[in-house]
Amino acid sequence: MKDLKKEQRKNAKQSIFPVSLFGVIFIVLLLMCGIHTGLIVLMNQLEWSGVAQTILPMIYWAVIAIGLTVYTSVQIRKTYEVPMRRLAKATADVAAGDFSVYIPPRHTADKLDYLDIMFMDFNTMVEELGSIETLKNDFAANVSHELKTPLTVIQNYAQLLQTTELTPQQQEYVASIEGGTQRLSSLIFNMLKLNKLESQKITPKAQAYDLCRQLENCILGFESIWEKKKIEIDVDMEEMAMVEADEEIMEMVWQNLLSNAFKFTEEGGIVSLKQYSDEEMITVEVADTGCGMAPDVMKRIFDKFYQGDTSHATEGNGLGLALVWRILQMSGGSITVNSEEGKGSTFTVRLPKKVETEEVQ
């Protein structure tokens with residue numbers, strides 16, 4: 001296979017515009033010059049006026065120039081622009097995580113040019129990336145699954161030890177063990193869930209439900225945290241907002257966004273949850289007055305395992321926002337972030353509104 005590709009690369013044409021094409025254009029121009037000369041002779045024999053003898057050749061060459069321009073434009077578009085646009089679209093698809101992209105060569109094996117070779121190399125690259133992605137996902141799923149059982153055992157024994165009489169130092173050790181197992185459990189859960197979403201083992205089951213009710217229940221789940229940190233809560237929502245989405249996986253979106261808001265907000269800060277809608281979309285804003293983010297951090301916050309604020313690294317695993325982004329992508333929604341260092345962050349989620357509002361039972 002490698003020898004075949006090497007031979008194809010060696011024999012491929014290095015120009016997509018053959019020399020014969022320029023030869024044809026040269027001959028056509030010589031012919032046009034001959035016609036021009038004949039036209040001048042004819043006008044002299046017919047004793048046309050000087051104005052006519054000036055304007056007619058100008059019109060003649062203007063038509064020829066337009067024709068050659070159109071022909072050249074069509075050839076460039078057909079030979080170069082269209083293939084490049086196909087490559088650009090395929091590249092964008094791969095960047096979005098689609099490794100099933102394939103660009104067929106433009107010519108048969110005996111007439112390949114350098115664009116065909118580039119497409120073939122692109123296909124090989126995508127195939128290799130797809131294999132690596134599959135291997136990575138399988139590894140993550142298998143390792144995460146195998147870690148669940150021993151981790152549960154460690155966590156259970158740590159909880160059991162807390163019920164016994166221990167010295168303060170021993171209690172601190174046991175608390176550290178339990179805290180570590182909880183964070184690892186969260187990491188494993190997010191890895192498994194994200195892996196299933198990316199491999200499409202989980203298909204969202206859309207159904208109509210009241211988003212406001214879900215948001216209210218989610219923020220109430222953090223009541224102990226905001227009371228402990230004395231955080232002010234600002235909630236502004238409609239009485240009801242019906243969406244058509246998978247209620248179970250959408251809950252993970254709000255849980256992750258609210259968890260981050262409370263995590264990065266210092267004592268005495270403010271966390272706000274606002275929801276409003278227009279004729280087509282429902283918008284949810286989760287804002288905090290925490291440390292905020294730098295522009296270079298905002299570009300990567302939806303990447304897996306990325307944590308911009310290392311001071312809170314022990315409180316998360318860098319998968320929450322990647323999970324949020326993937327869920328919203330599958331649900332037809334979108335998420336944007338606006339943040340400024342030292343002033344906090346605002347995450348804005350937009351979801352399609354259910355066209356026909358149904359009464360919640």
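One-based numbering along the sequence shown. Quick caveat: nothing in here was measured; it's all calculated off a predicted structure.
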Do other residues, nucleotides or ligands put more than 12 heavy atoms under 6.0 Å from [X] [atom1]?
{"X": "Lys274", "atom1": "NZ", "result": "no"}
{"X": "Glu239", "atom1": "CD", "result": "no"}
{"X": "Glu223", "atom1": "CD", "result": "yes"}
{"X": "Tyr60", "atom1": "OH", "result": "yes"}
{"X": "Trp61", "atom1": "CH2", "result": "yes"}

If you compare all heavy atoms of [X] against all heavy atoms of [Y], which two are closest, and at what distance to 0.1 Å?
{"X": "Val101", "Y": "Val126", "value": "O-CG1, 3.8 Å"}
{"X": "Asp116", "Y": "Arg106", "value": "OD1-N, 2.6 Å"}
{"X": "Leu115", "Y": "Pro83", "value": "CD1-CB, 4.4 Å"}
{"X": "Asp246", "Y": "Lys205", "value": "OD2-N, 2.9 Å"}
{"X": "Ile177", "Y": "Ala158", "value": "CG2-CB, 4.0 Å"}
{"X": "Phe262", "Y": "Lys229", "value": "O-NZ, 2.7 Å"}

Reported [atom1]-to-[atom2] distance for the pair [X] and [Y], which is rounded to 0.5 angstrom:
{"X": "Met237", "Y": "Cys212", "atom1": "CE", "atom2": "SG", "answer": "5.5 Å"}
{"X": "Arg213", "Y": "Cys218", "atom1": "CZ", "atom2": "SG", "answer": "10.0 Å"}
{"X": "Ile233", "Y": "Leu258", "atom1": "CD1", "atom2": "CG", "answer": "8.5 Å"}
{"X": "Glu238", "Y": "Asp210", "atom1": "CD", "atom2": "CG", "answer": "10.0 Å"}
{"X": "Asn260", "Y": "Thr265", "atom1": "CG", "atom2": "OG1", "answer": "10.0 Å"}
{"X": "Arg86", "Y": "Thr91", "atom1": "CZ", "atom2": "OG1", "answer": "12.0 Å"}

| Under the side-chain contact (heavy atoms from CB on, under 4.5 Å) criterion, do Leu56 and Trp48 qualify, and how do the steps go? | CA-CA 11 Å; Leu56 190 59; Trp48 286 15; 3.6 Å; yes
Determine yes or no for a side-chain-to-main-chain donor-acceptor pair under 3.5 angstrom, with [X] supplying the side chain and [Y] the backbone.
{"X": "Ser73", "Y": "Thr69", "result": "no"}
{"X": "Asp288", "Y": "Val271", "result": "no"}
{"X": "Thr289", "Y": "Gly269", "result": "no"}

| Given Arg77 and Val82, is the side-chain contact (heavy atoms from CB on, under 4.5 Å) satisfied, shown in steps? | CA-CA 6 Å; Arg77 184 177 182 278; Val82 171; 4.0 Å; yes
Please tell me if the side chains of [X] and [Y] come closer than 4.5 Å, counting only heavy atoms from C-beta onward.
{"X": "Met242", "Y": "Ile282", "answer": "no"}
{"X": "Pro105", "Y": "Phe119", "answer": "no"}
{"X": "Leu257", "Y": "Ile335", "answer": "yes"}
{"X": "Ile219", "Y": "Leu215", "answer": "no"}
{"X": "Arg300", "Y": "Met293", "answer": "no"}
{"X": "Met43", "Y": "Pro57", "answer": "yes"}
{"X": "Ile103", "Y": "Asn123", "answer": "yes"}
{"X": "Gln214", "Y": "Val243", "answer": "no"}

Hydrophobic cluster membership, [X] vs [Y], 4.5 Å side-chain cutoff:
{"X": "Val235", "Y": "Tyr276", "answer": "no"}
{"X": "Leu46", "Y": "Val41", "answer": "no"}
{"X": "Leu30", "Y": "Ile35", "answer": "no"}
{"X": "Val94", "Y": "Met118", "answer": "yes"}
{"X": "Val349", "Y": "Met298", "answer": "yes"}

| field | Step-by-step side-chain contact (heavy atoms from CB on, under 4.5 Å) determination, Tyr80 to Gln75 | value | CA-CA 8 Å; Tyr80 186 77; Gln75 288 297 318; over 6 Å; no
| query | When you look at Glu165 and Gln170, which way does the side-chain contact (heavy atoms from CB on, under 4.5 Å) test go after all the steps? | reply | CA-CA 9 Å; Glu165 293 184 3; Gln170 289 173 331; over 6 Å; no
| Is there a donor-acceptor contact under 3.5 Å linking the side chains of Glu127 and Tyr102? | no
| message | Taking the basic N atoms (NZ, or NE/NH1/NH2) and the acidic carboxylate oxygens, is any pair closer than 4.0 Å for Lys89 and Asp93? | response | yes
Let me check something: any side-chain donor-acceptor pairs from residues 341-348 under 3.5 Å, sequence neighbours excluded? List them with distances.
residue : atom : partner : partner atom : Å
Ser345  : OG   : Ser339  : OG           : 2.7

